[in-house]
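Reading through the structure tokens given below for one structure.
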Amino acid sequence: MTDEAARDRKDAQLDRDRVADGDDEALTTQQGVRVDHTDDSLKAGRRGPTLMEDFHVREKITHFDHERIPERVVHARGAGAYGVFRPYDDWLAEFTAASFLTDPAEETPVFVRFSTVAGSRGSADTPRDVRGFATKFYTSAGNYDLVGNNFPVFFIQDGAKFPDFVHAVKPEPRNEIPQAASAHDTLWDFVSLQPETLHAIMWLMSDRALPRSYRMMQGFGVHTFRLVDAAGHGTFVKFHWTPALGTHSLVWEEAQQVSGADPDFNRRDLWDAIEAGAFPEWELGVQLVPEEDEFAFDFDLLDATKLIPEEQVPVRPVGKLTLNRNPDNFFAETEQVAFHTANVVPGIDFTNDPLLQARNFSYLDTQLIRLGGPNFAHLPVNRPVAEVHNDQRDGYGQHRIHTSATSYNKNTISGDSPAPGAAGSYRHYTEKVEGAKIRERSESFKDFYSQAALFWHSMTPVEADHIVAAYRFELGKVTDKDIRARVVDQLRFVDLELAQRVAEGVGVPAPVEGAQMERRMSPALSQLSDPVRSVATRKVAVLAADGVDGTGMTRLVADLHRRGAVPEVIGLVDGTVRSESGEDVEVDRALPTMASVLYDAVAVPGGADAVAALRGDGRALHFVAEAFKHGKAIAAFGAGTELLEAARVDPAESGVVTAAADGGDVPDAFLDAFADAIAAHRAWDRRTDDIAA
Ligand code: HDD
């Protein structure tokens, strides 16, 4: 619990369950009996067999044997945090009875869990994958869960295909290879046979699948939901989360290296930012569509493989989400949190999107096996702050001691309490539905290509290049050439040039004829069309060795701190470096323990002896060259520029900032230019093809 964070209602509620093992506690059994010795079993003789009556060791081992629960069947790996949501004003009250979205005086506690999808719980944070963005709002009217992703579209249209899709993307059944990767035969076999996947696959091949940070990615509710006002009138809605720090990605080569250098990269980033008080923020926005416009689009609003272009229906801001508190215990909170798309509150309802309808079944069902029974809502992280009264009783893990004489409705014995129908009760939206019972896809779902093409044509050239490279990488890992050819054949319907470029990279015949798709654009789909620039929380490696220009380095580090960046001095070894003028400067990290891929930028201060030492160290040279290759901001002053030269970093390239000056003379313009380069995230136009790093 950070001092800055206000004690919201959820935080206060959790006090009941927090167990603080203080400084001076006696070790006990689960029964509270004090244990005198925990290193040896109770034995018949010093060298004899262990006795059954050793209740302490039996309990200790038995509990350990039962520590694991099944990991989530998808989204197994994640990281969570608490926070608050507050609407800016009440404009949305015209459309919804949900006061947590409309009353600026109401601050709603939340728990958010971010995740990857395909990898196991122990996999790495940075594979090419969708990211989950699930928010539990502990509203005064009950829990509302917005269980979204960082893509606005999904891979399939009907939940009936979800087990097929997940089986295809997960590691292959014979050998459980590959872990947390989509680049294998079964996924692409599935994709090649299922053109509805194409749009979401384009997103998966884009940089969206490689977020630099959970704090730097968008979130989407994906489905069209329904807002319902107090009079029962409905409006279609799509939910959007927009990160205050902008949407930024890693480059693919870097992402792969991060998986080894720090498999917890995104998890650690979220944790560290919150611990440092740099609370991540997102704006909640909505796209609203009046019910009478249900059929006004050239796609079906119920089709989760489609988005509503923002240029067509603008995203209107609703309020701000701030994450301000790390969990106390990963298992108790992040692992046991149970999201469910059907956790809705008055003012929010579903639509007939067949993917959403299936989800409304699946999430409750999965918690029963994952959390071991029907009482998972009693777990501290899942408990609403709204009062809970009902006649549901017993079951595994029942935590409540119901004192009522009755557990049925209606009753006279308990004064007919709890009774349904109180003010503020949830009422399902009244929708007229009729039709023949039918197992068929609606014709209105059958355009698989227009929006995939919209996405492709909305990319900047850099983003488009990355998509082509991603397709080449992924299909290049597919062993069956027929599958490669089928995927390329599908791409013809998006764009002939795209199909040809991919074909060329993966050794299958390039198609000569494409489909005539209308060339439309939606600039909002590009991450690079209007990026948010910010230095805040960016990690900067400052390379130093004995003989460093201490004055210049201190000035640079102080300037980065002042701008909200996170500089770290990296020495050849841990401890301190001695500056030119003889002062000892603390080293934050030792070079052998770190890698350039864990930083957003690199700076090399002057000092002839320091730079000579760095030049003589292959790791230092590699560090700089690799950062350069990944488009990162690079700065050097004084003799530091010689390290760039030795690493074949061209100072004339974009995002490389140098100054001749040393010490106190490091110019402001240099510091400003370095900050600008960091804020730009990456120098995408930099030429690095011949860099070997
Ligand atoms: Fe799902 C977990 C997001 C379709 C079935 N899903 C899960 C999580 C997220 C999503 C973020 C992790 C929640 C957490 O952190 O605990 N899922 C989505 C989105 C979808 C989607 C945005 C499409 C728009 N999911 C989807 C379908 C089904 C499921 C169609 C089944 C028919 N999802 C599940 C699940 C999981 C899950 C099996 C695994 C663990 C859990 O629910 O709690 O029920």
Side-chain angles (χ1 to χ4, degrees), residues 69-82 110-121 125 129-137 143 145-170 194 196-197 199-200 203-204 208-209 211 214 217-225 238-241 266-267 270 301-307 323 327 330-343 350-351 353-372 376-377 379 381-382:
I69 64 170
E71 66 174 32
R72 288 168 175 81
V73 61
V74 282
H75 296 262
R77 181 169 180 81
Y82 291 95
V110 301
F111 185 82
V112 175
R113 183 173 178 275
F114 303 106
S115 47
T116 56
V117 179
S120 296
R121 197 183 138 184
D125 278 351
D129 200 353
V130 191
R131 299 302 186 280
F133 189 143
T135 308
K136 188 179 284 296
F137 296 84
N143 285 355
D145 293 353
L146 182 55
V147 196
N149 278 343
N150 74 329
F151 297 2
V153 289
F154 201 64
F155 298 87
I156 48 167
Q157 297 174 321
D158 189 311
K161 294 268 353 138
F162 191 68
D164 300 301
F165 167 63
V166 173
H167 286 173
V169 71
K170 282 270 185 179
Q194 213 68 44
E196 73 200 71
T197 56
H199 186 195
W203 282 76
L204 187 67
R208 301 283 185 150
Y214 290 137
M217 64 181 202
Q218 283 181 286
F220 302 91
V222 181
H223 309 281
T224 304
F225 293 92
K238 292 256 193 201
F239 291 107
H240 293 240
W241 291 115
N266 289 144
R267 179 184 280 193
L270 179 69
L301 285 177
L302 303 186
D303 175 359
T305 67
K306 305 296 186 303
L307 51 83
L323 297 183
F330 183 89
F331 180 84
E333 296 166 286
T334 308
E335 191 60 19
Q336 293 199 113
V337 65
F339 292 95
H340 183 14
T341 46
N343 286 351
F350 317 115
T351 58
D353 171 345
L355 197 73
L356 175 58
Q357 297 280 322
R359 294 182 76 192
N360 285 345
F361 167 75
S362 182
Y363 287 72
L364 174 59
D365 186 43
T366 208
Q367 312 309 346
L368 295 176
I369 179 80
R370 198 170 74 79
L371 299 170
F376 57 85
L379 291 167
V381 68
N382 295 326

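Counting begins at 1 with the first residue of the sequence. No experiment lies behind these values; they were computed from the predicted model shown. Atoms considered below: every heavy atom in the structure, side chains included; atoms not considered: hydrogens, waters and symmetry mates. Whatever order the structure lists them in is the order used to number ligands and atoms, beginning at 1.
Residue-ligand proximity, Phe339 to ligand 1, at heavy-atom distances under 4.0 Å covers atoms 13 (C), 14 (C), 15 (O), 16 (O). Every atom of ligand 1 with a heavy atom of Leu355 under 4.0 Å away is listed here by number and element: 23 (C), 24 (C), 30 (C).
Glu335 is listed as a side-chain neighbour of Arg370, based on a closest heavy-atom distance under 4.5 Å. Side-chain contact between His75 and Asn149 is present, with at least one heavy-atom pair separated by less than 4.5 Å.
Between Tyr214 and Phe114, the angle of the ring planes stays under 30°, which puts this pair in the parallel group of the 30/60° scheme. Relative ring orientation between Phe133 and Trp241 is described as parallel, the plane-to-plane angle staying below 30° on a 0-90° scale split at 30° and 60°. Ring pair Phe165/Phe154 is perpendicular by interplanar angle, where above 60° counts as perpendicular and below 30° as parallel.
Taking a 4.0 Å cut-off on heavy atoms, His340 fails to register as neighbouring ligand 1. At least one heavy atom of Gly148 sits under 4.0 Å from some atom of ligand 1.
When hydrogens are left out, the protein atom nearest atom 23 (C) of ligand 1 is Phe154 CD1, 3.3 Å; that is the closest non-hydrogen contact. Of the protein's non-hydrogen atoms, Arg113 NH1, 2.6 Å is the one closest to atom 15 (O) of ligand 1.
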*Using the side-chain contact (heavy atoms from CB on, under 4.5 Å) rule, take Leu301 and Thr351 through it: C-alpha gap first, then chi angles, then the decisive distance, then the call.*
CA-CA 9 Å; Leu301 285 177; Thr351 58; over 6 Å; no
*asked:* Pair Asn266, Asp125 - check side-chain hydrogen bond (donor to acceptor under 3.5 Å, both in side chains), show working.
replied: CA-CA 6 Å; Asn266 289 144; Asp125 278 351; 5.7 Å; no
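At least one test fails for Lys238 against the ring of Phe220: distance under 6.0 Å to the centre or angle within 45° of the axis.
The N/O atoms of Gln367, backbone and side chain alike, include one that comes under 3.5 Å of an N/O atom in ligand 1. Between His223 and ligand 1, a contact under 3.5 Å exists for no N or O pair.
Remark: of the listed residues Gln218, Met217, Arg131, Gln218 is the sole one forming a side-chain contact (heavy atoms from CB on, under 4.5 Å) with Arg208.
At a cut-off of 3.5 Å, with distance as the only test, a side-chain donor of His223 or Arg359 sits close to an acceptor on the other residue.
Ion pairing between a basic and an acidic side chain is recognised when a charged N comes within 4.0 Å of a carboxylate O; Lys161 and Asp158 show no such pairing.
Closest heavy-atom approach to atom 16 (O) of ligand 1 within the set Arg131, Arg72, Lys161: this belongs to Arg72. When the heavy-atom distances from atom 41 (C) of ligand 1 to Thr366, Val153, Val222 are ranked, the shortest goes to Thr366.
Within a radius of less than 2.8 Å around atom 1 (Fe) of ligand 1, the protein N, O or S atoms are Tyr363 OH.
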